Q: 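So that we are looking at the same thing, I have put the structure below in structure tokens.
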Amino acid sequence: MAINKSNKLLVRADLNVPIKNGKVLDNFRIIKALTNIDQLKKISKNITFISHLGRPNGKEEEYSLKYIVSEMSNIAGQEVQFINECIDLDEKIFEEENKIFLLENLRFHKGEEENDLAFAENLSNPFDSFILDAFGAAHRSHASIVSVGKFLDSYQGLLMQKEVDNLQSLLTEVKRPYTVILGGAKISDKLNLVNSLLPIVDNLILGGGMCFTFLKAMGKNIGKSLLEEDFINTAHDLLASNYGKKIILPTDFGTTKDINSNLRIDKDIIDFENDDIGVDISKKSIEKFTHTINNSKTIFWNGPMGIFENPAYEFGTKEITNLVSNSNSYTVVGGGDSVSAINMFSSLDKFDHVSTGGGASIEFLEGKKLPGVNIYKSLII
Ligand code: 3PG
Ligand code: MG
């Protein structure tokens, strides 16, 4: 892109952050979206950010992007001007130099999710060029991802490029041993990921709610722990397959009789009673995983080991966070829950790459071609 001080630049970022009572709970995506702001200033007259926030049904106040403006201004080091609409805008607003603008939530209009071309064109109207930098939403065929670029001189952003390079490296030139650690509630959400990674990895550590379907498939009594009955056969087949030996499961758990209580009893899986609910992994499992993690040269981690939001059930997720943080290997993390855990128990800079994408990073590693990835020329500044 030629340095051009008359360039009114539109940037599609993923500013979809958790907000409660008008307060931003986690600013990770905002920080990432603004990482390259100084470079963008050099190639523009002014910069306008667009994003979705949540899944509103029409214009719903609680999903207004106005709630992120002060956080954005702090991080950008200059005042960000919020404009409470994203289409039908007066082009004169964008004549001012050196400004940063933020437009209102794209999903307040049906045209965004319906990928309506007229909406995309309207959105693009006041601007000269476009950067697609919303990796977290790159798995959505929405207007701002796949269509706005049809009307402007368009580029793949620097954050998007970094995401693609790091995640791609997990599918190709990995240093071995390569260990993937997966957690989270449901195996159904991650089955495609398990299927695509199993042939590539050396070890697949499974924790979180999803591991109970595997333990059930092995004939264990899992009490009242999370189970997806429809996937017991699939789990059984995976364990019995050529790759089954790569799967490493926990052997002991933090259990409770009531997930709303803080009462935790640690026990081996063989000691589970019919009303026990596994809510975290426990010490012996961590010891078992430690050796594998410490010997790895590449680690990808996605998903917590238990209900870590409750301090009584945080042990396993905290231990995994610290083990991966302190490992000497190349470490990549994906998914909002893992990022929250890192913010609680460690720090993001201890990892080689922390993806801004949850669903997008998973679909990428499933080997899918994401609608928003590699559709525009690279941005070289
Ligand atoms: C995310 O948080 O996963 C992305 O911002 C995409 O949001 P969506 O799942 O609502 O499309
Ligand atoms: Mg999502």
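Throughout, numbering of the chain's residues begins at 1 and tracks the sequence. Computation of the quantities below employed the complete heavy-atom set of this structure, encompassing side-chain atoms and omitting hydrogens, waters and symmetry-equivalent molecules. Computed from a predicted structure; not experimentally measured. Order of listing sets the numbers, starting from 1, for every ligand and every atom in it.
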Q: Take atom CG of L117 as the centre, draw a 6.0 Å sphere, and report whether it contains more than 12 heavy atoms from other residues, nucleotides or ligands.
A: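 Yes, because the 6.0 Å sphere around CG of L117 holds more than 12 heavy atoms from other groups.
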Q: Which atoms of ligand 1 have any heavy atom of D14 under 4.0 Å away?
A: 4 (C), 5 (O)
Q: Near K150 NZ, under 6.0 Å, is it more than 12 heavy atoms from other residues, nucleotides or ligands?
A: yes
Q: How are the rings of H109 and F119 set relative to one another: parallel (under 30°), tilted (30 to 60°) or perpendicular (over 60°)?
A: tilted
Q: Indicate yes or no: does an N/O atom of H142 lie under 3.5 Å from an N/O atom of ligand 1?
A: no
Q: Polar contacts were defined as any N/O atom of the residue lying under 3.5 Å from an N/O atom of the ligand; does this apply to H52 and ligand 1?
A: yes
Q: Should you measure from each heavy atom of R55, which atoms of ligand 1 turn up under 4.0 Å away?
A: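 Taking each heavy atom of R55 in turn, ligand 1 has 8 (P), 9 (O), 10 (O) under 4.0 Å.
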Q: Does ligand 1 have any atom that is closer than 4.0 Å to a heavy atom of G358?
A: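 No, G358 has no heavy atoms under 4.0 Å from ligand 1.
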Q: Using only atom types and a distance under 3.5 Å, with no angle test, would you say the side chain of S346 pairs donor to acceptor with the backbone of N322?
A: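 Side chain of S346 to backbone of N322, a donor-acceptor pair under 3.5 Å: no, none is there.
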Q: Classify the ring geometry of W301 against F351: parallel below 30°, tilted from 30° to 60°, perpendicular beyond 60°.
A: tilted
Q: Is the ring pair Y376/F130 parallel, tilted or perpendicular, if the boundaries are 30 and 60 degrees?
A: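 Taking F130 first and then Y376, their aromatic rings stand perpendicular (interplane angle over 60°).
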Q: As an exercise, identify every atom of ligand 1 less than 4.0 angstrom from a heavy atom of R140.
A: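 This gives 8 (P), 9 (O), 11 (O) as the contact atoms.
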Q: Enumerate the atoms of ligand 1 whose separation from the nearest heavy atom of N16 is less than 4.0 angstrom.
A: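 By the 4.0 Å cutoff, the relevant atoms are 1 (C), 2 (O), 4 (C), 5 (O), 7 (O).
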Q: Of all the heavy atoms in E113, does at least one lie under 4.0 Å from an atom in ligand 1?
A: no
